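The next block holds one structure in the form of structure tokens; read it before the comments.
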Amino acid sequence: MTRTPLIAGNWKMNLDHQQAIATVQKLAWTLDDADFDYEGVEVVIAPPFTDLRSAQTLIDAEGFKLILAAQDLSDQDHGAYTGDISGEFLAKLNCQYVLIGHSERRMIHNESDQLVHAKVLAAKRHGIVPIVCVGESLEQKNAGQTEVPINQVLEAVKDTGISELVIAYEPVWAIGTGEVATAEQAEETIRGIRESLAEQVDEGLAEKTRILYGGSVKANNVAGFLKMPNIDGVLVGGASLDSEEFANIARFREHIGV
Ligand code: PEP
């Protein structure tokens with residue numbers, strides 16, 4: 001089965017709504033100038049919540065083929081949850097994807113596997129495809145706990161009946177550190193995730209789920225990952241804030257010569 005590669009940019013808490021407009025414009029124009037093949041590669045951006053409406057309006061008005069994601073959502077739909085954002089609102093802003101369980105949410109906001117699971121269900125209720133982020137910390141890596149990302153995936157998706165899913169394998173020690181996993185290391189973990197998904201959740205889901213690598217990806221190291229049979233794209237943090245660099249990452253086919 002062929003899985004359409006997905007290149008996603010997580011802006012984290014960077015760029016206000018005015019900067020977002022300039023960044024989205026520049027990204028779309030850079031890709032258009034290069035006759036980018038949007039059918040062959042999905043390009044997704046995840047700006048802060050306050051940028052989403054501006055980005056959506058611009059994308060719609062200009063007919064840009066960029067796809068919007070949110071960086072998080074509430075496990076609840078509405079009510080007395082001050083500061084939270086409902087999947088219902090995100091769906092109205094044409095967010096097709098939502099990041100769930102990013103390591104910065106797990107660490108800074110103490111998000112548990114149970115909450116991640118509840119958020120996957122919330123995304124499903126609103127027809128938004130979850131990008132479930134998983135990965136081991138440096139301590140877990142040093143202790144040889146290779147099962148951590150696999151268990152995080154299984155906890156997130158078990159008993160959800162989800163039919164469309166993206167997973168981002170992001171070793172915590174590689175996020176924002178400049179220390180990148182080797183393509184072989186990433187492929188081995190991602191293959192393990194796919195196999196466990198097939199064995200313990202659903203074979204068809206495992207076959208079609210895009211599994212991305214994330215952690216200090218740049219234009220000059222993306223090709224190695226995307227040559228791997230089980231790696232279907234990348235989740236990019238810091239480098240996605242620079243439209244030219246992110247466009248170069250999205251044009252990975254030129255780096256791998258296919
Ligand atoms: C991320 O935030 O998901 C990420 C991978 O960050 P960076 O690319 O900056 O390491």
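Each ligand, and each atom within it, is numbered from 1 in the order the structure gives. The shown structure was predicted, so the numbers you read here are calculated from the model rather than taken from an experiment.
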**Message:** Between Tyr213 and Gly215 (side chain of the first, backbone of the second, donor and acceptor by atom type, cut-off under 3.5 Å), is there such a pair?
**Reply:** yes

**Request:** Please answer whether the main-chain N or O of Lys208 pairs with a side-chain N or O of Arg3 as donor and acceptor at a distance below 3.5 Å.
**Result:** no

**Request:** Rounded to the nearest 0.5 Å, what's the gap from CD on Glu184 to CZ on Phe225? Could you check?
**Result:** 9.0 Å

Would you mind checking which non-hydrogen protein atom is closest to [atom], with the distance to 0.1 Å?
atom	result
atom 8 (O) of ligand 1	Gly237 N, 2.8 Å
atom 1 (C) of ligand 1	His102 NE2, 3.2 Å
atom 3 (O) of ligand 1	Glu170 OE2, 2.7 Å

Taking C-beta and beyond as the side chain, do [X] and [Y] meet within less than 4.5 Å on heavy atoms?
X	Y	result
Glu42	Tyr97	yes
Arg105	Cys133	no
Leu235	Glu170	yes
Asp16	Pro48	no

[X]: numbered ligand 1 atoms lying under 4.0 Å from its heavy atoms:
X	value
Gly215	5 (C), 10 (O)
Leu235	3 (O), 5 (C)
Asn10	1 (C), 2 (O), 3 (O)
Ala174	10 (O)
Gly238	7 (P), 8 (O), 9 (O)
Gly176	7 (P), 9 (O), 10 (O)

**Request:** Tell me, please: is Ser216 in heavy-atom contact with ligand 1, that is, under 4.0 Å?
**Result:** yes

**Asked** Just checking, any donor-acceptor pair under 3.5 angstrom between side chains of Asp159 and His117?
**Response** no

**Asked** Looking only at distance, does Ala239 have an N or O less than 3.5 Å from an N or O of ligand 1?
**Response** no

**Complete:** Honestly, for Ser240 the part within reach of ligand 1 (heavy atoms, under 4.0 Å) is neither

